[in-house]
Undergrad: 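Please read through the structure below; I'll follow up with questions.
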Amino acid sequence: VSTQSTGKLCFFVQSISSFSSKMPFDSPLKAGAALDLTKDNRAVVAEGDLIKIHTQSTTIDGWSLTDSLTKKNFTPRKLILQNESHNTLILTPDRKNVVQYYDTERGALLRRLEMKNFVSDLELNIDELAHKEKFSNLKQSSVLENVAIAGNIVCNVQWDPRAKGDEFIITDKSEVKTKGKKFTCVATTGKGHVAVGTNTGEINLYTTPSKSGKWTKAKTTLNQIADPVIGVDVSKDGEWILWTTKEYLALSKTVVTTEAGNVISGYEGKGLGANKPSCIICRLSPQIKEKYGIGEVNFSPAKFDNGPFLPDDGVIEDKIVTSTGPFVVNWSFRQLKHDYNKKQNDDQGLETSVLPQVLKQSDNVVDKVFEYGDPAVVVLSKQLSRIELD
């Protein structure tokens, strides 16, 4: 085990891989609540009801968050950067059908949007919001196009600033009818295919909604586990899916080759059907928990990293990161893929033999975001820190 100290942070790392750490951001924070990164990797942070922009050398005071209706300040549930990071979507805590739309640089509130179904005129509470396509936030677009989940509904939402009105329009939707089943998380691939997790441990895979906004029923339902899904992420090419439960992560392929030699996708055509592969499970062993003093495990949603980017609009994903309490936990995606393929061929069971890298922060992790084009993760707790992963 190697130990590196930065004065304010101390990281404990397994010897299976190395890393270096930097402290480029101003610390400590007032009260970190939410985080996202701009296209050039500046950190936009909600510190309580204040938005600040952190670079590697400076902190720029942004703006305060005020509910445009009640005129009261609030701490956001989530912030999402759009339109090459020029705009910020803020999910409000109390009015869950409301999204406030800001100019990121000026802090100007451009519009207060309400989420409504244009067919039934019903208001829907937004549980989670994702980009229409993975990394579409890095592209210029004045029209807001996202995928949202609200209870047992997953839907397209859209707002065009050229149109009149302040409604985040639900253009079309799909919903689960099973009593007690709710959607809990959502992610999109580079092609706009959609993966949605449920409170009953299932993952629904949907093909890209058509240009008319029409949704079809889920092409594939992955049901290898029974624990509630609290987070889902997909590789940009859509071939891998990662989902998070309270105590473990599950990784699986969504593209398989049948015995007849046909390549099929869980998002397209007739889906995977009887060809659904097993998943590989990543959890913290009793030995690792004892070694680092980790008590109850309560994982945050795990994510694939964001780079480096390739000339053909691809990305080399090599890391998977989650956290529990003050511990940032990292698995090598490359090693997991090798272990996954080996276990599929040898039928050696679902538990991975790949050891994680454990990084200890000085306080509980609130949020984390991978930098774009660089194997580094920005972590938000009572401090804002950047960790380079080798």
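Throughout, residue positions are numbered sequentially from 1 according to the sequence presented. Everything quoted here is computed from the prediction, not taken from an experiment.
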Undergrad: Would you check if K181 and N152 make a side-chain contact, meaning some heavy-atom pair closer than 4.5 Å?
TA: no
Undergrad: Is there a path of hydrophobic side-chain contacts, each under 4.5 Å between heavy atoms, that joins W63 and L384?
TA: no
Undergrad: What's the verdict on side chain to side chain donor-acceptor pair (under 3.5 Å) for N223 and T221, showing C-alpha distance, side-chain angles and the deciding distance?
TA: CA-CA 6 Å; N223 54 1; T221 296; over 6 Å; no
Undergrad: Any salt bridge between R283 and E351, counting N to O under 4.0 Å?
TA: yes
Undergrad: Salt bridge check: are D305 and K319 linked by an N-O gap of less than 4.0 Å?
TA: no
Undergrad: Charged N to carboxylate O under 4.0 angstrom, E317 versus R334?
TA: no
Undergrad: Hey, is the main chain of S85 close enough, under 3.5 Å, to the side chain of T104 for a donor-acceptor pair?
TA: yes
Undergrad: Would you please test L350 and S278 for side chain to side chain contact (heavy atoms under 4.5 Å, CB included) and show each step?
TA: CA-CA 8 Å; L350 298 177; S278 59; 3.7 Å; yes
Undergrad: With distance as the sole criterion, is a donor-acceptor pair present between the side chains of T208 and H193 under 3.5 Å?
TA: yes
Undergrad: Can you tell me how far apart SG (C185) and CG (D233) are? Round to the nearest 0.5 Å.
TA: 10.0 Å
Undergrad: Establish whether L359 and F370 are linked, either directly or via other cluster members, by ILVMFWY side-chain heavy-atom contacts under 4.5 Å.
TA: yes
Undergrad: So, N364 and S381: side-chain donor and acceptor under 3.5 Å apart, yes or no?
TA: no
Undergrad: Does E114 pair with R95 as a salt bridge, N-O distance under 4.0 Å?
TA: no
Undergrad: Search all heavy atoms of P301 against all heavy atoms of T322 and return the closest pair with its distance.
TA: C-OG1, 4.5 Å
Undergrad: With the 4.5 Å side-chain cut-off for hydrophobic clustering, are V99 and Y102 part of the same group?
TA: no
Undergrad: Are K276 and T220 packed together at the side-chain level, in the sense that at least one heavy-atom pair is separated by less than 4.5 angstrom?
TA: yes
Undergrad: Quick check for you: to the nearest 0.5 Å, what is the distance between N83 atom CG and S136 atom OG?
TA: 10.5 Å
Undergrad: Can you tell me if K303 has over 12 outside heavy atoms packed within less than 6.0 Å of its NZ?
TA: yes
Undergrad: Whether the H54 and T59 side chains hold a donor-acceptor pair (N or O, under 3.5 Å, no angle test) is what I'd like checked.
TA: yes
Undergrad: Do T245 and I225 have side-chain heavy atoms sitting under 4.5 Å apart?
TA: yes
Undergrad: What closest approach, in Å, do K368 and V321 show between heavy atoms, and which atom pair accounts for it?
TA: CE-O, 3.6 Å
Undergrad: Taking the side chain as C-beta and beyond, is there a heavy-atom pair between L37 and V44 under 4.5 Å?
TA: no
Undergrad: Are the side chains of D127 and T184 in touch, meaning some heavy atoms are under 4.5 Å apart?
TA: no
Undergrad: Taking the side chain as everything from C-beta on, heavy atoms only, tell me whether V147 gets closer than 4.5 Å to E133.
TA: no
Undergrad: Is there side-chain contact between V232 and T244, with at least one heavy-atom pair below 4.5 Å?
TA: no
Undergrad: Once rounded to the nearest 0.5 Å, what's the spacing between atom CD1 of I149 and atom CG of N125?
TA: 12.0 Å
Undergrad: Tell me the closest heavy-atom pair linking A250 and I281, and the distance in Å.
TA: CB-CD1, 4.0 Å
Undergrad: Carefully, step by step, assess R112 and L69 under the rule side chain to side chain contact (heavy atoms under 4.5 Å, CB included).
TA: CA-CA 9 Å; R112 177 184 183 274; L69 187 63; 3.6 Å; yes
Undergrad: Mind telling me whether F327 and Y292 have parallel, tilted or perpendicular rings, with 30° and 60° as the class edges?
TA: perpendicular
Undergrad: What's the separation between atom NZ in K191 and atom CD in E268, rounded to the nearest 0.5 Å?
TA: 5.5 Å
Undergrad: Provide the closest heavy-atom pair for V98 versus T92 in the form atom of the first, atom of the second, distance.
TA: O-OG1, 3.5 Å
Undergrad: If you draw a 6.0 Å radius around NZ in K217, do more than 12 non-hydrogen atoms from other residues or ligands fall strictly inside?
TA: no
Undergrad: Kindly indicate, with the supporting measurements, whether the criterion salt bridge (charged side-chain N to carboxylate O under 4.0 Å, His left out) is fulfilled by K78 and D36.
TA: CA-CA 9 Å; K78 186 171 184 175; D36 204 354; over 6 Å; no
Undergrad: Look only at the side chain of S235 and the backbone of E239, and say whether a donor-acceptor pair between them is shorter than 3.5 Å.
TA: yes
Undergrad: Drop me the distance from Q335's CD to H338's NE2, to the nearest 0.5 angstrom.
TA: 9.5 Å
Undergrad: Between D67 and K71, is the closest basic N to carboxylate O distance under 4.0 Å?
TA: no
Undergrad: With a 4.5 Å cut-off on side-chain heavy atoms, are N146 and Q82 touching?
TA: yes
Undergrad: Same cluster or not: V157 versus Y101, using hydrophobic residues (I, L, V, M, F, W, Y) connected whenever any side-chain heavy atoms lie under 4.5 Å apart?
TA: yes
Undergrad: For T198 and E202, indicate whether the former's side chain and the latter's backbone hold a donor-acceptor pair under 3.5 Å.
TA: yes
Undergrad: Looking only at heavy atoms, which two atoms of I51 and L79 are closest? And how far apart?
TA: CD1-CD2, 4.0 Å
Undergrad: Minimum heavy-atom separation for L272 and S265, please, with both atom names.
TA: CD2-C, 3.8 Å
Undergrad: Give every residue pair that meets the ring pair (Phe, Tyr, Trp, His ring centres under 6.0 Å) criterion with at least one member in residues 228-248, sequence neighbours excluded.
TA: W240-F333, W240-Y340
Undergrad: Show your working on side chain to side chain donor-acceptor pair (under 3.5 Å) between S300 and S323 and close with a plain yes or no.
TA: CA-CA 5 Å; S300 65; S323 63; 2.7 Å; yes
Undergrad: So, taking the atom named NZ in K139 and the one named CG in N137, what distance separates them when rounded to the nearest 0.5 Å?
TA: 10.0 Å
Undergrad: Given V143 and Q158, is the side chain to side chain contact (heavy atoms under 4.5 Å, CB included) satisfied, shown in steps?
TA: CA-CA 7 Å; V143 178; Q158 184 182 88; 3.9 Å; yes
Undergrad: Quick one: do E296 and K289 make a salt bridge, cutoff under 4.0 Å?
TA: no
Undergrad: With hydrophobic residues grouped by side-chain heavy-atom distances under 4.5 Å, do I230 and I320 end up in a single group?
TA: no
Undergrad: Under the side chain to side chain contact (heavy atoms under 4.5 Å, CB included) criterion, do T254 and Y267 qualify, and how do the steps go?
TA: CA-CA 8 Å; T254 60; Y267 297 101; 3.7 Å; yes
Undergrad: State, without any angle test, whether T75 and D49 hold a side-chain donor-acceptor pair at a distance under 3.5 Å.
TA: no
